[in-house]
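Structure first, commentary second.
Just so we're on the same page: letters track the sequence lines, and every chain starts at 1.
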Number of protein chains: 2
Amino acid sequence: MSVKHPKLFEQLKALAGVTAAEWLKAEALAQEQALKKKDCFVRPGDPSDRFGVVLQGLFRAFRVSESGGESVKAFRSEGEMIGPYAELLQGIPSLTAIEALEPSRVLFWKSRDFQRLEQGHACWSMLARRVAEQHYILKERREQEFLDLSAEERLLRFWQEYRRLEKRLPQREVAAYLGITEVALSRIMSRRRKRA
Amino acid sequence: MSVKHPKLFEQLKALAGVTAAEWLKAEALAQEQALKKKDCFVRPGDPSDRFGVVLQGLFRAFRVSESGGESVKAFRSEGEMIGPYAELLQGIPSLTAIEALEPSRVLFWKSRDFQRLEQGHACWSMLARRVAEQHYILKERREQEFLDLSAEERLLRFWQEYRRLEKRLPQREVAAYLGITEVALSRIMSRRRKRA
DNA sequence: ACACCGAGTTAACCCAGGTTAATGCCGGGC
DNA sequence: GCCCGGCATTAACCTGGGTTAACTCGGTGT
């Protein structure tokens, strides 16, 4: 048996000291899933019992409010984690939809299987901790942006952070990420064009 | 030697399986600090090398933007954690100020000392993980509120969540937590009064 | 070629919140 | 007693974003 996803392994080794032996076990438990554009990895109401890593493609994690509006919590592309993470931690069904914006492939685990890995080696707990910490740092950064930046400034920061996704993201999704409507975003962009 | 802070111990035991023996070690390493109103437990620029628990009193964690505005990231009262947590994880100096809103006492640890505890027993790693997870869940909830709630709706939720702090929080601080000015908050409240 | 649909743009109108400034209301210090 | 400084309120005015709706510009499918 040999490692099927060496890049992923390197990443986890660096992050949490995952060993080659443990990674082989993990790969044995993992499943792969292919998704077409608009397919969901998770939809609201699903049990929060799986999480994965994007092998190829692009996802958006979003919620629909009672009023029907969609707000985007995150975009995730190659090498990044996807899953209804907060709900999984709380042991509740997913409130989040995670949808492919492009034809995509993910490698995923059932959370039961991951728990079995955790029993076997401390590196997996360490990984869970690092993941929680990273996620926290990101959300805190975003909180700060909502607290003291205007929509236009948030847009700027967004493109600094997600340069690599330029051209892959429809504008409506960017607007839903910023917490504004597509109309407002269009207006902001034309304002900027004029000022320039 | 006996346990000095039994309530805290129970809390950590339930959360992460901290044992009595380990907790005694932790108490031995901890220091206590008394703060007057407006004293800071941490101020911007300080090294991020300490964190603590509120024994008594009330704190606000906030940041000042370049424009001089203050935005409040969290309020913390008895039994809750304080510290420049995100910065500590990143190994950078604090960007956050943590200030007492009332005369307060905190029990705190140097992060070096906590690392020594971690070496000694897995419960401390588990605790660190649980703390990261809880913090994450909270920030995600807040993100959601910014994404699809108006300032008035956020105010409502705020009071649901922080009922216990009613009367202890000056209005200006609540406004800074919601991401609006005190003027706007005052307006919202008078609107509500009229409608009622 | 045609109709159609989804995505982005633009305009008109409304409202929430920012800004500035004046006013009122304590509570503390002299 | 008096004054003063911090905090909340109110008003006037401005601006940014929401809403609705019309229009354009590619695709895509038939």
Residue-level proximity of residues 173-184 of chain A to DNA chain C when a heavy atom falls under 4.0 Å: A:V183
Pairwise distance NZ(A:K25) to CH2(A:W124) - rounded to 0.5 angstrom: 9.0 Å
Other residues, nucleotides and ligands only: do more than 12 of their heavy atoms fall within 6.0 Å of CZ on A:R164? yes
Atom CE of B:M189 to atom C1' of D:dT10: distance rounded to whole Å? 14 Å
End-to-end axis angle, where each axis spans five pairs of the helix from C:dA1-D:dT30 to C:dC30-D:dG1, to 10°: 20°
Polar side-chain atom of A:S48 near backbone of A:S94 as donor-acceptor pair, under 3.5 Å: yes
Could you please spell out the steps behind the salt bridge (charged side-chain N to carboxylate O under 4.0 Å, His left out) verdict for B:K7 and B:E10? CA-CA 5 Å; B:K7 271 176 72 177; B:E10 288 307 321; over 6 Å; no
What distance do A:R50 atom CZ and A:L88 atom CG have between them, rounded to the nearest 0.5 Å? 11.5 Å
On DNA chain D, does the nearest nucleotide to A:R191 precede the nearest nucleotide to B:L185 from the 5' side, or the other way round? Give the residue. B:L185
Take atom CZ of A:R187 and atom C1' of C:dC13, then tell me their distance rounded to the nearest Å. 11 Å
Scan residues 143-159 of chain B against DNA chain D and write down, sorted by residue number, each residue with any heavy atom closer than 4.0 Å; if none is found, say none. none
Quick one: do the A:Q171 and A:S186 side chains pair a donor with an acceptor below 3.5 Å? no
Between CZ of A:R192 and P of D:dG17 the distance, given in whole Å, is 12 Å
Tell me if a side-chain donor or acceptor on B:E87 pairs with a main-chain N or O of B:T96 at a distance below 3.5 Å. yes
What is the separation between atom CD1 on B:I188 and atom P on D:dT10, rounded to the nearest whole Å? 14 Å
Can you tell me if CZ on A:R191 sees more than 12 non-hydrogen neighbours from other groups inside 6.0 Å? yes
Using the rule salt bridge (charged side-chain N to carboxylate O under 4.0 Å, His left out), only one of A:E102, A:E80, A:E70 pairs with A:R60; which is it? A:E70
Has A:R168 got more than 12 heavy atoms of other residues, nucleotides or ligands less than 6.0 Å from its CZ? yes
Rounded to whole angstroms, how far apart are CG on A:L101 and C1' on C:dG6? 15 Å
Value rounded to 0.5 Å, distance of CG in B:L117 from CH2 in B:W109: 9.0 Å
Give the rounded distance in Å between these two atoms: CZ of B:R172 and P of D:dG5. 16 Å
Return the value, rounded to whole Å, for the distance between atom CD of B:E70 and atom C1' of D:dC7. 14 Å
